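First up is the structure itself, then whatever we jot down about it.
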Amino acid sequence: MINAAIFASGEGSNAENLINYFKNDSRIKIKLVITNKDDAGVIARAEKHKKTVQIISKEALHSYTDQIIDFLKTEKIDLIILAGFLLKIPEKLVKAFPEKIVNIHPSLLPLYGGSGMYGMNVHKAVINNKEKQSGITVHFVNEEYDKGKIILQEKVNLSEDETPQSLATKIHELEYKYYPLAVERLL
Ligand code: GRF
């Protein structure tokens, strides 16, 4: 049985989708949810599913990385799943979990990745550049933002009148369908 922790900063709809998808799976247990924001929507979603929630601020993530690694090891966490987690993972944490941290990015990396490319910024940039397609990328996390080995990509076509909001909806649908499948490949 693999123990997983989900890290999320926002609404947490992907986090909840993963919790639901794996709730009766004997191969993986989502043990913890970690967020850096005390008002993140993910907190209520995780508590609804009786998951332990830990709030770790941006400052703590960097100043107390050793203690956080110890905590994750004590909890026997084998896999870290980032689901809309907006902070850069400290190098020490990446090194402590080699190829055991996965992320989902709402574009076809290497396109529209890197610093500042998150959430609506990604979809706005895609539309401004008149792209015909966008998509999602599930990848391992390494020391460089959005540059780890790709596990899965799925594409979606943009319509003529696509808006950042309508694209975000399309991307979320892809994420709900494929993020659990990508995680499943790692079990
Ligand atoms: C998702 O689109 C994810 O790809 C991105 O942030 C969004 C998180 O949405 N990194 P939610 O918090 O899971 O609803």
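Predicted model only: the values in this text are computed from it and were never measured. Remember, it's 1-based here, ligands and their atoms both numbered in the order they're listed.
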Q.
Enumerate the side-chain hydrogen bond (donor to acceptor under 3.5 Å, both in side chains) contacts for residues 69-85, please, sequence neighbours excluded, ordered by first and then second residue.
A. K31-E75

For ligand 1, run through the N/O pairs with the protein that fall under 3.5 Å and put one pair on each line.
residue  : atom   : partner : partner atom : Å
ligand 1 : 2 (O)  : E175    : OE1          : 3.0
ligand 1 : 2 (O)  : E175    : OE2          : 3.0
ligand 1 : 4 (O)  : E175    : OE2          : 2.3
ligand 1 : 9 (O)  : H172    : NE2          : 3.2
ligand 1 : 12 (O) : E11     : N            : 3.4
ligand 1 : 12 (O) : G12     : N            : 2.8
ligand 1 : 13 (O) : S13     : N            : 3.3
ligand 1 : 13 (O) : N14     : N            : 2.8
ligand 1 : 13 (O) : N14     : ND2          : 3.0
ligand 1 : 14 (O) : S13     : N            : 3.1
ligand 1 : 14 (O) : S13     : OG           : 2.5
ligand 1 : 14 (O) : H172    : NE2          : 3.4

Q) Tell me, which pairs form a side-chain hydrogen bond (donor to acceptor under 3.5 Å, both in side chains) where one or both residues lie in residues 35-44, sequence neighbours left out? A) S9-N36

Q) Taking the hydrophobic residues Ile, Leu, Val, Met, Phe, Trp and Tyr, and joining any pair whose side-chain heavy atoms are under 4.5 Å apart, which ones share a cluster with I77? A) F7, L32, I34, I56, L61, I68, I69, F71, L72, I80, L82, F85, L87, I89, L93, V94, F97, I101, V141

Q: Please check if any side-chain donor atom of S159 sits under 3.5 Å from a side-chain acceptor atom of E162, or the reverse.
A: yes

Q: Identify whether Y64 and I55 are in the same connected component of the hydrophobic contact network (ILVMFWY, side-chain heavy atoms under 4.5 Å).
A: no

(Q) Would you say M117 ends up clustered with V126 if hydrophobic residues are merged whenever their side chains have heavy atoms under 4.5 Å apart, either directly or through other cluster members? (A) yes

